[in-house]
Novice: 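Structure below; questions to follow.
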Amino acid sequence: MPAALASEVKRVAKERHVTISRALVTLAERGVRAEAEAKEQLKASYRRFIDEKEPALKNEAGLELIRSIFGTDSIAEDSVR
């Protein structure tokens, strides 16, 4: 385990007054939950994009899909508009 991660796990364990093993389990559960939520968000964004018929709303849905895939900072703001 990288040193930075180990010190973060120790910090979490100390703050919550639990063992390092318990802190690892808690952090792993959070990670799995966050990954599942991200996957569901991606599926919802994809469905919205595919189902949308109106061009302006489809464009918004497409931008949302791109953000779901690449992150919120993946689309530069258009300052020309």
Side-chain angles (χ1 to χ4, degrees):
M1 178 184 307
L5 181 57
S7 65
E8 193 64 22
V9 171
K10 286 178 186 178
R11 181 191 63 75
V12 168
K14 186 176 180 179
E15 282 179 0
R16 297 183 181 180
H17 306 289
V18 296
T19 65
I20 290 176
S21 294
R22 184 66 217 161
L24 280 169
V25 169
T26 300
L27 293 169
E29 287 172 341
R30 275 191 189 171
V32 168
R33 198 174 319 122
E35 188 172 323
E37 289 170 3
K39 189 174 182 178
E40 285 304 311
Q41 175 61 40
L42 177 61
K43 286 179 183 179
S45 296
Y46 175 74
R47 280 192 299 268
R48 180 175 169 226
F49 176 73
I50 293 300
D51 294 342
E52 190 56 61
K53 302 297 181 218
E54 186 178 326
L57 294 177
K58 187 158 189 103
N59 185 49
E60 279 301 314
L63 293 174
E64 180 184 316
L65 179 59
I66 290 168
R67 286 185 198 101
S68 293
I69 295 169
F70 298 108
T72 57
D73 295 331
S74 61
I75 301 173
E77 292 300 318
D78 185 5
S79 60
V80 177
R81 288 188 213 184

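When reading the values below, keep in mind they use all heavy atoms of this one structure, side chains included, and skip hydrogens, waters and symmetry mates.
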Novice: In a table with atom names and distances, give each donor-acceptor pair under 3.5 Å that connects a side chain of residues 6-15 to protein atoms at least two apart or in another chain.
Specialist:
residue : atom : partner : partner atom : Å
Ser7    : OG   : Ala3    : O            : 3.4
Ser7    : OG   : Ala4    : O            : 2.9
Glu8    : OE2  : Arg11   : NE           : 2.9
Glu8    : OE2  : Arg11   : NH2          : 2.3
Arg11   : NH1  : Glu15   : OE1          : 2.9
Arg11   : NH1  : Glu15   : OE2          : 2.6

Novice: Let me know which of Gln41, Arg48, Lys43 forms a side chain to side chain donor-acceptor pair (under 3.5 Å) with Ser45.
Specialist: Gln41
Novice: When hydrophobic residues are tied together by side-chain contacts of less than 4.5 Å, even through go-betweens, does Tyr46 share a cluster with Leu63?
Specialist: yes
Novice: Is Val32 linked to Val25 within one hydrophobic cluster, defined over Ile, Leu, Val, Met, Phe, Trp and Tyr using a side-chain heavy-atom separation of less than 4.5 Å?
Specialist: no
Novice: Hey, could you give me the CG/CZ distance between Asn59 and Phe49, rounded to the nearest 0.5 Å?
Specialist: 8.5 Å
Novice: Roughly how far, to the nearest 0.5 Å, is the CD1 atom of Ile20 from the CG atom of Leu27?
Specialist: 11.5 Å
Novice: Should we count CD of Glu29 as having more than 12 external heavy atoms under 6.0 Å?
Specialist: yes
Novice: For a side-chain contact (heavy atoms from CB on, under 4.5 Å) check, start with the C-alpha distance between Glu60 and Glu52, then their side-chain angles and the critical distance, and finish with the verdict.
Specialist: CA-CA 10 Å; Glu60 279 301 314; Glu52 190 56 61; over 6 Å; no
Novice: Testing the 3.5 Å rule here: is there a donor-acceptor pair between the side chains of Ser68 and Glu64?
Specialist: no
Novice: Would you name the heavy atoms of Ile50 and Lys58 that are closest together and state the gap between them?
Specialist: O-NZ, 3.8 Å
